Participant: 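Before I ask anything, here is the structure I am working with.
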Amino acid sequence: MTELPLTYRGAVYPSECDHVGHMNVAHYVAKFDEATWNFFTLIGLTPSYFRAQHRGMAAVQQNIAYKRELLPGDVITVRTRLLEIRERVIRFEHIMVNGESGEVAATADMTGVHLDKEARRACPFPAETVARGRVLIEEHRDAGR
């Protein structure tokens, strides 16, 4: 078992907080989105791949659990675990942690579909991406739980 990959590191800015002083839900989503693109790169879904192959991704489901409030100045990390990869579908979990306290601030279970941007429909992932993903699933089966 290896540690889950670090896919985001950042801080909570005052401008990201709502009227009661906590990070607004829109910014949890934005930070998870940034983590997603870093995670995709780890399995071969790089920006250059998407551009050269005219491919993209579409989010089809996102479930976020808010565990602890984040305040201005808090530093955070996100680590990501691949839960499932099928021919055209990927499902993964982000775990956002307060860098000072070590507490889990939020988790996000995400499902996405691989797209052919020209045909505007789902298409298979490259075989090497699926293979790399299956290795990660096995390596991280019990990490971060």
Side-chain angles (χ1 to χ4, degrees), residues 1-18 22-68 70 72-145:
M1 177 181 73
T2 59
E3 187 174 36
L4 295 177
L6 179 67
T7 52
Y8 178 84
R9 181 185 304 272
V12 178
Y13 288 91
S15 62
E16 297 173 328
C17 295
D18 59 22
H22 307 131
M23 188 164 76
N24 184 274
V25 295
H27 296 285
Y28 284 87
V29 173
K31 291 173 189 303
F32 283 139
D33 184 61
E34 289 185 52
T36 295
W37 295 107
N38 283 295
F39 179 66
F40 285 166
T41 297
L42 295 174
I43 60 171
L45 300 174
T46 63
S48 58
Y49 161 78
F50 286 120
R51 286 188 288 267
Q53 301 302 315
H54 306 284
R55 297 295 188 251
M57 295 295 298
V60 295
Q61 186 163 339
Q62 180 172 293
N63 299 307
I64 299 176
Y66 301 98
K67 309 280 190 180
R68 298 278 184 270
L70 291 169
D74 284 345
V75 294
I76 57 173
T77 59
V78 175
R79 292 189 180 274
T80 305
R81 166 200 333 280
L82 183 57
L83 300 171
E84 177 182 14
I85 189 163
R86 299 192 318 254
E87 183 182 33
R88 296 172 165 86
V89 176
I90 189 168
R91 187 171 148 248
F92 50 96
E93 176 188 36
H94 291 309
I95 303 164
M96 182 181 290
V97 174
N98 181 311
E100 182 180 4
S101 71
E103 293 180 310
V104 174
T107 60
D109 186 317
M110 318 276 272
T111 302
V113 175
H114 187 238
L115 297 175
D116 177 324
K117 292 186 343 186
E118 292 174 344
R120 302 196 52 80
R121 61 185 327 166
C123 65
F125 286 110
E128 52 276 8
T129 295
V130 174
R132 194 173 297 139
R134 291 193 174 135
V135 168
L136 278 180
I137 289 169
E138 204 50 47
E139 285 179 356
H140 301 146
R141 187 166 306 285
D142 298 319
R145 296 223 184 251

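This one's a predicted model, so the numbers in the text were calculated from it and none came from an experiment.
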Participant: Any side-chain heavy atom of R55 within less than 4.5 Å of one from L115?
Facilitator: no
Participant: So how far is it from E93 CD to R91 CZ, rounded to the nearest 0.5 Å?
Facilitator: 8.5 Å
Participant: For the pair W37 and D33, evaluate side-chain contact (heavy atoms from CB on, under 4.5 Å) and give the outcome as yes or no after the intermediate values.
Facilitator: CA-CA 7 Å; W37 295 107; D33 184 61; 3.4 Å; yes
Participant: CG/L82 to CZ/R141 distance, rounded to the nearest 0.5 angstrom?
Facilitator: 10.5 Å
Participant: What's the shortest heavy-atom distance between M96 and Y28, and which atoms?
Facilitator: SD-CD2, 3.8 Å
Participant: Check the pair I43 / L136 against side-chain contact (heavy atoms from CB on, under 4.5 Å), numbers first and verdict last.
Facilitator: CA-CA 9 Å; I43 60 171; L136 278 180; 3.4 Å; yes
Participant: Any side-chain heavy atom of C17 sitting closer than 4.5 Å to one from V12?
Facilitator: yes
Participant: Please lay out, stage by stage, how V104 and I95 fare under the test side-chain contact (heavy atoms from CB on, under 4.5 Å).
Facilitator: CA-CA 7 Å; V104 174; I95 303 164; 4.1 Å; yes
Participant: Backbone N or O of A11 within a donor-acceptor pair of the K31 side chain at under 3.5 Å?
Facilitator: yes
Participant: How long is the straight-line distance from CD1 of I76 back to OG of S101, given to the nearest 0.5 Å?
Facilitator: 11.5 Å
Participant: Which heavy-atom pair separates T7 from L42 by the least distance, and what is that distance?
Facilitator: CG2-CD1, 4.3 Å
Participant: Do the rings of F32 and H94 sit parallel, tilted or perpendicular, given the 30° and 60° boundaries?
Facilitator: parallel
Participant: Please report the closest heavy-atom contact between D116 and C123, naming both atoms and the distance.
Facilitator: N-SG, 3.5 Å
Participant: Could you tell me whether the side chain of D18 and the main chain of H22 form a donor-acceptor pair under 3.5 Å?
Facilitator: yes
Participant: Should the pair F50 and H114 be assigned to parallel (<30°), tilted (30 to 60°) or perpendicular (>60°) ring geometry?
Facilitator: tilted
Participant: Under 3.5 Å, side chain of E16 to main-chain N/O of Y13, donor-acceptor pair present?
Facilitator: yes
Participant: Taking the side chain as every heavy atom from C-beta outward, state whether F39 and T36 have any atom pair closer than 4.5 Å.
Facilitator: no
Participant: Find out whether I90 and L83 are in side-chain contact, i.e. whether some heavy atom of one side chain is under 4.5 Å from a heavy atom of the other.
Facilitator: no
Participant: Would you say R81's side chain and I137's backbone share a donor-acceptor pair under 3.5 angstrom?
Facilitator: no
Participant: Salt bridge check: are E3 and R79 linked by an N-O gap of less than 4.0 Å?
Facilitator: yes
Participant: Shortest non-hydrogen contact from V75 to E100?
Facilitator: CG2-N, 4.2 Å
Participant: Looking at T80 and F92, what are the two nearest heavy atoms and their distance?
Facilitator: CG2-CD1, 4.0 Å
Participant: Might you work through the side-chain contact (heavy atoms from CB on, under 4.5 Å) test for D109 and I64, ending with a clear yes or no?
Facilitator: CA-CA 6 Å; D109 186 317; I64 299 176; over 6 Å; no
Participant: Going through the distances and angles, do R86 and E84 end up as a salt bridge (Lys or Arg N to Asp or Glu O under 4.0 Å)?
Facilitator: CA-CA 7 Å; R86 299 192 318 254; E84 177 182 14; 2.8 Å; yes
Participant: Working to the nearest 0.5 Å, report the span between CE of M57 and NZ of K117.
Facilitator: 12.5 Å
Participant: Check S15 against H27 and note the closest heavy-atom contact, atom names and distance.
Facilitator: O-NE2, 4.1 Å
Participant: When rounded to the nearest 0.5 angstrom, what distance separates CE in M23 from CG in L70?
Facilitator: 4.5 Å
